[in-house]
**Student:** 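Before I ask anything, let me first share the structure, which is written out below as structure tokens.
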Amino acid sequence: MSSNVTAKIDNIKLGPPGIESELHFVVQYNSDQPRNEEEDKKALLDRTLRPFQITLFFQKDYLFTNSINASRADESGNSFLQFASGMDVLLLESAGIAYRIVPNSNKQASCAKAEVVAESRQAAVEAFLNGINPVLDHLCFLSNTPLFYNQVLIYDKKNEVRVVNYTSPYKDFTLNAGFGLFQLDLIEVYSLYREAKNSVSPFYKTLCYFKIMEGILKSIRPKVRNKAKDLGITLPKIKEVVPHDEELSMFNSSYVGKSIGELYHKEFEGDFRNAIAHFELDDKAPINFSNYSERAQFSNKIHLLEVCTRTLISNLEQECLLVNKS
């Protein structure tokens, strides 16, 4: 008999809010010889060729949730894609992988499933997504409807390891009367920031954060400082560096303490800017938004850009406050 097991995890342990991440579950049996930590690590780091069962769940709208389900029923998804009468499953092949699209009880496409043989979870997921995404892109065009997927579950059959991807949940924010005040100089900045937070596209998030940095460093701040100069106000010099951040310290520690302005000019202003602004790569080929590797180039920079953006905005708010008081 199987039973559902639940556990509570502090939000802070799930990573920065809004960032995509993964949880790994290693199966443990009630036996006299349970797997030890060394065996668990070996299972997670296995690089032998083996089968992975992968399931992608569709969702009509992208919802932020505080729960992460690692064992979903195939029928738990939903979409605007309706199965024809008498059709129980859609079988298709793409990039050498055989996929099954399964309906829910309302005959809506609920999930896409396939078994992929690979040497690692990352390679299996990349092959799975690079095969199914062009199909979903075409279905989106044919149906003229949005087609989100909100979760991918991976099962390593050999090592009995389950992996579930998730978007780290947001925490509630307490309002008080003082939050109604804001700087009019920054209304475009706040607008772009909200666009970034509301978007589920790593490309669009990256573009919004980059445009905020570009706008502050090249336009808004010079105007505010010129205004301060005209009013005879001396603004304090601020050393803007990438602040200490637990996520950055763990995965991108080399950025912590670096000048944000220097980081913008050296890393984001050239090819990176052209790629996100014109949606094309170095060879002028258009970006394939559904390609796993091309998507990762941008999603891996989102948190760094967000941390830098928030630092620039906070400092500029203080400068605007001093200038506009006079």
Side-chain angles (χ1 to χ4, degrees), residues 2 20-27 43-60 62 68-84 86-143 145-167 200-202 288-297 299:
S2 63
E20 293 181 3
S21 193
E22 294 178 334
L23 278 177
H24 298 244
F25 300 87
V26 181
V27 174
L44 292 171
L45 297 174
D46 187 4
R47 288 297 179 269
T48 60
L49 200 64
R50 61 198 188 278
F52 293 83
Q53 292 178 343
I54 303 177
T55 307
L56 173 153
F57 289 90
F58 301 121
Q59 193 75 29
K60 281 187 175 179
Y62 198 96
I68 301 168
N69 193 340
S71 183
R72 292 178 59 174
D74 289 350
E75 299 77 22
S76 62
N78 58 63
S79 69
F80 293 102
L81 302 178
Q82 196 77 28
F83 272 48
M87 191 167 113
D88 295 324
V89 65
L90 175 61
L91 303 178
L92 58 94
E93 185 174 327
S94 177
I97 298 173
Y99 295 90
R100 298 172 66 243
I101 296 184
V102 179
N104 59 22
S105 58
N106 295 318
K107 288 295 184 177
Q108 301 166 344
S110 174
C111 71
K113 301 168 66 72
E115 182 169 285
V116 180
V117 176
E119 293 181 348
S120 68
R121 169 192 53 80
Q122 295 93 330
V125 172
E126 181 170 2
F128 177 93
L129 291 177
N130 285 347
I132 195 65
N133 271 328
V135 176
L136 302 183
D137 296 340
H138 186 230
L139 285 174
C140 179
F141 171 73
L142 288 178
S143 63
T145 62
L147 185 51
F148 294 107
Y149 58 82
N150 70 337
Q151 194 173 57
V152 179
L153 300 183
I154 306 106
Y155 179 53
D156 177 348
K157 295 172 68 176
K158 174 190 171 185
N159 295 300
E160 296 186 284
V161 174
R162 294 187 183 275
V163 180
V164 53
N165 76 337
Y166 65 92
T167 300
V200 297
S201 164
N288 180 356
F289 293 96
S290 292
N291 181 274
Y292 184 87
S293 298
E294 291 180 22
R295 182 184 177 92
Q297 290 181 44
S299 59

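When reading the values below, keep in mind they use all heavy atoms of this one structure, side chains included, and skip hydrogens, waters and symmetry mates.
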**Student:** Starting at OH of Y99, measure out to CG of L136 and round the result to the nearest 0.5 Å.
**Tutor:**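 CG of L136 is found 9.0 Å from OH of Y99.
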**Student:** Measuring from atom CZ of F83 to atom CD of Q108, what distance do you get when rounded to the nearest 0.5 angstrom?
**Tutor:**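 Atom-to-atom, F83:CZ and Q108:CD are 10.5 Å apart.
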**Student:** Give, for atom CG of L139 and atom CG of L92, the distance between the pair rounded to the nearest 0.5 Å.
**Tutor:**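 Reported value, rounded in 0.5 Å steps: 8.0 Å.
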**Student:** Is there side-chain contact between K107 and L81, with at least one heavy-atom pair below 4.5 Å?
**Tutor:**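 No; the side chains remain at least 4.5 Å from each other.
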**Student:** Testing the basics here: between E93 and G96, what is the closest heavy-atom pair and its distance to 0.1 Å?
**Tutor:**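 Nearest heavy atoms, E93 then G96: OE2-CA, 3.9 Å.
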**Student:** Does the pair D74 and S110 meet the rule for a side-chain contact (heavy atoms from CB on, under 4.5 Å), with working shown?
**Tutor:** CA-CA 7 Å; D74 289 350; S110 174; 5.6 Å; no
**Student:** Mind checking whether N106 and N78 have side chains closer than 4.5 Å, heavy atoms only?
**Tutor:**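 They are not in contact (no side-chain heavy atoms under 4.5 Å apart), so the answer is no.
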**Student:** List the residues meeting side-chain hydrogen bond (donor to acceptor under 3.5 Å, both in side chains) with S290, not counting sequence neighbours, and say none if there are none.
**Tutor:**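 S290 satisfies side-chain hydrogen bond (donor to acceptor under 3.5 Å, both in side chains) with D137 once adjacent residues are dropped.
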**Student:** Return the minimal non-hydrogen interatomic distance between A114 and A98, and the atom names on each side.
**Tutor:**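 So the minimum-distance heavy-atom pair works out to CB-O, 3.4 Å.
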**Student:** So, using side-chain hydrogen bond (donor to acceptor under 3.5 Å, both in side chains) as the criterion, who are the partners of S21 when residues are at least two apart?
**Tutor:**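 Per chain and number, S21 pairs via side-chain hydrogen bond (donor to acceptor under 3.5 Å, both in side chains) with no residue.
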**Student:** At their closest point, which heavy atom of K60 faces which heavy atom of F148, and how far apart are they?
**Tutor:**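 In terms of heavy atoms, the two residues are closest at O-CD1, 3.4 Å.
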**Student:** Drop me the distance from L56's CG to K113's NZ, to the nearest 0.5 angstrom.
**Tutor:**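 That separation rounds to 11.0 Å.
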**Student:** Minimum heavy-atom separation for P103 and E75, please, with both atom names.
**Tutor:**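 Here P103 and E75 meet closest at O-CG, 3.8 Å.
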**Student:** What is the distance from atom CG of N150 to atom CZ of F57, rounded to the nearest 0.5 Å?
**Tutor:**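 The CZ atom of F57 is 8.5 Å from CG of N150, to the nearest 0.5 Å.
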**Student:** Could you work out, with side-chain hydrogen bond (donor to acceptor under 3.5 Å, both in side chains) as the rule, every residue matching N69, not counting sequence neighbours?
**Tutor:**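 Expected list: none.
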**Student:** Does a side-chain heavy-atom distance below 4.5 Å link E20 with N165?
**Tutor:**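 Answer no - side chains too far apart.
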**Student:** Look up atom CD in E115 and atom OG1 in T55, then write down how far apart they are to the nearest 0.5 Å.
**Tutor:**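 With rounding to 0.5 Å, CD (E115) is 11.0 Å from OG1 (T55).
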**Student:** Which atom pairs, one a donor and one an acceptor, fall under 3.5 Å between side chains of residues 121-132 and the rest of the protein, sequence neighbours left out?
**Tutor:**
{"from": "R121", "atom 1": "NH1", "to": "E22", "atom 2": "OE1", "distance (Å)": "2.9"}
{"from": "R121", "atom 1": "NH1", "to": "E22", "atom 2": "OE2", "distance (Å)": "2.7"}
{"from": "R121", "atom 1": "NH2", "to": "E22", "atom 2": "OE1", "distance (Å)": "3.4"}
{"from": "E126", "atom 1": "OE2", "to": "S293", "atom 2": "OG", "distance (Å)": "2.7"}
{"from": "N130", "atom 1": "OD1", "to": "Y292", "atom 2": "N", "distance (Å)": "2.9"}
{"from": "N130", "atom 1": "ND2", "to": "E126", "atom 2": "O", "distance (Å)": "3.4"}

**Student:** Decide yes or no for R162 and L153: does some side-chain heavy atom of the first lie under 4.5 Å from some side-chain heavy atom of the second?
**Tutor:**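 No, side chains not in contact.
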**Student:** Donor-acceptor pairs are to be reported for all side-chain atoms of residues 46-54 against protein atoms at under 3.5 Å, with residues two or more places apart or in another chain.
**Tutor:**
{"from": "D46", "atom 1": "OD1", "to": "T48", "atom 2": "N", "distance (Å)": "2.9"}
{"from": "D46", "atom 1": "OD1", "to": "T48", "atom 2": "OG1", "distance (Å)": "2.9"}
{"from": "D46", "atom 1": "OD2", "to": "T48", "atom 2": "OG1", "distance (Å)": "3.1"}
{"from": "D46", "atom 1": "OD2", "to": "K158", "atom 2": "NZ", "distance (Å)": "3.0"}
{"from": "D46", "atom 1": "OD2", "to": "N159", "atom 2": "ND2", "distance (Å)": "2.9"}
{"from": "R47", "atom 1": "NH1", "to": "L45", "atom 2": "O", "distance (Å)": "3.4"}
{"from": "T48", "atom 1": "OG1", "to": "K158", "atom 2": "NZ", "distance (Å)": "2.8"}
{"from": "R50", "atom 1": "NE", "to": "D156", "atom 2": "OD1", "distance (Å)": "3.3"}
{"from": "R50", "atom 1": "NE", "to": "D156", "atom 2": "OD2", "distance (Å)": "2.9"}
{"from": "R50", "atom 1": "NH1", "to": "D46", "atom 2": "O", "distance (Å)": "3.2"}
{"from": "R50", "atom 1": "NH1", "to": "T48", "atom 2": "O", "distance (Å)": "2.8"}
{"from": "R50", "atom 1": "NH1", "to": "E119", "atom 2": "O", "distance (Å)": "3.1"}
{"from": "R50", "atom 1": "NH2", "to": "D46", "atom 2": "O", "distance (Å)": "3.3"}
{"from": "R50", "atom 1": "NH2", "to": "D156", "atom 2": "OD2", "distance (Å)": "3.2"}

**Student:** Check G77 against N104 and note the closest heavy-atom contact, atom names and distance.
**Tutor:**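 Taking every non-hydrogen atom into account, O-ND2, 2.9 Å.
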**Student:** Name all residues meeting the side-chain hydrogen bond (donor to acceptor under 3.5 Å, both in side chains) criterion together with S94; count only those two or more places apart in sequence or in a different chain, and write none if there are none.
**Tutor:**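 For S94, no residue satisfies side-chain hydrogen bond (donor to acceptor under 3.5 Å, both in side chains) once neighbours in sequence are set aside.
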